[in-house]
Amino acid sequence: MLHIQVIHGPNLNLLGLREPEIYGSQTLEGINQALQNSAQQLGVAVDCFQSNSEGALVDCIQAAWGGKDGILINPGAYTHTSIALRDAIAAVGLPTVEVHLSNIHRREPFRHQSYLAPVALGQICGFGAQSYQLGLQALVQYLRSADPASSPR
């Protein structure tokens, strides 16, 4: 069975309360439950983690190495600032999909740059909570079609 590490970055614990006109009314708990339901339908396992701390996010990425098959990450504001997250993803070499609730390319110019995009398989943004579902589906499809001999585990 494939195991996916889902990582939520800073302020995502406030979903449903924080700027619903941008991020929607879905709570983080609701997103995690929807991911668990989708994972069950896809026949995979997901572990969800959220932190406001960059170091804790790096630790979670590193802990996925050797125990998870891929990473689904919404790095939040760290998308635009964190070389540490980018380096951690590059270091573990796990297939990673970056997701965002809002379309970061239609927002303020400082949000257009993603430090993670160059080391991710792809980026899905602008579909609200559905971005996570699309990201999970894409990651699972990629992992199932990838050559098993190339797996880092």
Side-chain angles (χ1 to χ4, degrees), residues 1-40 42 44-105 107-108 110-140 142-143 152-153:
M1 176 181 284
L2 293 172
H3 289 83
I4 309 299
Q5 179 64 61
V6 177
I7 302 173
H8 308 284
N11 298 310
L12 293 169
N13 56 310
L14 298 177
L15 288 176
L17 302 172
R18 175 185 176 224
E19 300 174 277
E21 67 281 2
I22 295 173
Y23 301 109
S25 59
Q26 179 80 280
T27 64
L28 185 61
E29 294 78 19
I31 288 172
N32 285 340
Q33 186 57 57
L35 284 168
Q36 292 291 346
N37 294 342
S38 293
Q40 186 176 22
L42 291 167
V44 302
V46 295
D47 292 319
C48 299
F49 176 79
Q50 188 278 328
S51 179
N52 296 318
S53 168
E54 185 178 31
L57 297 170
V58 169
D59 289 343
C60 184
I61 292 166
Q62 291 179 1
W65 191 22
K68 302 291 192 283
D69 298 292
I71 296 172
L72 181 67
I73 185 169
N74 181 343
Y78 289 133
T79 303
H80 323 293
T81 64
S82 182
I83 295 168
L85 289 181
R86 179 250 178 251
D87 287 352
I89 289 169
V92 300
L94 291 171
T96 299
V97 173
E98 177 185 345
V99 299
H100 298 281
L101 298 165
S102 66
N103 182 344
I104 62 173
H105 305 288
R107 296 190 60 197
E108 303 93 337
F110 71 86
R111 294 187 195 274
H112 298 180
Q113 169 69 36
S114 168
Y115 281 103
L116 279 67
V119 294
L121 290 174
Q123 179 190 79
I124 298 173
C125 63
F127 295 98
Q130 189 66 20
S131 293
Y132 282 96
Q133 299 298 318
L134 296 168
L136 179 63
Q137 291 168 12
L139 182 56
V140 169
Y142 173 85
L143 290 169
R153 288 183 21 175

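Worth knowing before you read on, the calculation uses all heavy atoms, side chains too, and leaves out hydrogens, waters and symmetry mates.
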Item to check | Flag for N52-Q50: side-chain donor and acceptor within less than 3.5 Å | outcome: yes
Item to check | Nearest heavy-atom neighbours spanning I31 and A129 | outcome: CG1-CB, 3.9 Å
Item to check | S51: partners by side chain to side chain donor-acceptor pair (under 3.5 Å), with sequence neighbours left out | outcome: none
Would you list the atom pairs, donor with acceptor, under 3.5 Å between side chains in residues 84-101 and any protein atom, with sequence neighbours excluded?
from : atom 1 : to   : atom 2 : distance (Å)
T96  : OG1    : L94  : O      : 2.9
E98  : OE1    : S114 : OG     : 3.0
E98  : OE1    : A117 : N      : 3.2
E98  : OE2    : H100 : NE2    : 2.6
E98  : OE2    : S114 : OG     : 3.0
E98  : OE2    : Q123 : NE2    : 3.1

Checklist entry - Rounded to the nearest 0.5 Å, how far does CD1 of I83 lie from CD of E54? => result 9.5 Å
Item to check | Reported CD-to-CG distance for the pair Q33 and L28, which is rounded to 0.5 angstrom | outcome: 12.0 Å
Checklist outcome for this item: d(T79 OG1, N74 CG) to nearest 0.5 Å is 6.5 Å
Item to check | Atom pair SG/CD1 of C48 and I7 - distance to nearest 0.5 Å | outcome: 10.5 Å
Checklist entry - Within a reach of under 6.0 Å around CD of Q137, are more than 12 heavy atoms found that belong to other residues, nucleotides or ligands? => result yes
Next on the checklist: Can a side-chain donor-acceptor contact be found between N32 and H8 if the only test is distance below 3.5 angstrom?
Outcome noted: yes
Checklist entry - For atom CZ of F49, is the number of surrounding heavy atoms from other residues, nucleotides or ligands below 6.0 Å larger than 12? => result yes
Next on the checklist: Between K68 and D47, does the side-chain contact (heavy atoms from CB on, under 4.5 Å) criterion hold? Intermediate values first, please.
Outcome noted: CA-CA 9 Å; K68 302 291 192 283; D47 292 319; 2.9 Å; yes
Checklist entry - Considering all heavy atoms of both residues, which atom of P10 and which atom of P75 are nearest to each other, and what is their separation? => result CD-O, 3.4 Å
Next on the checklist: With rounding to the nearest 0.5 angstrom, report the CG to CD1 distance, L139 to I124.
Outcome noted: 9.5 Å
Checklist outcome for this item: Here the gap from L2 atom CG to D69 atom CG, rounded to the nearest 0.5 Å, amounts to 5.0 Å
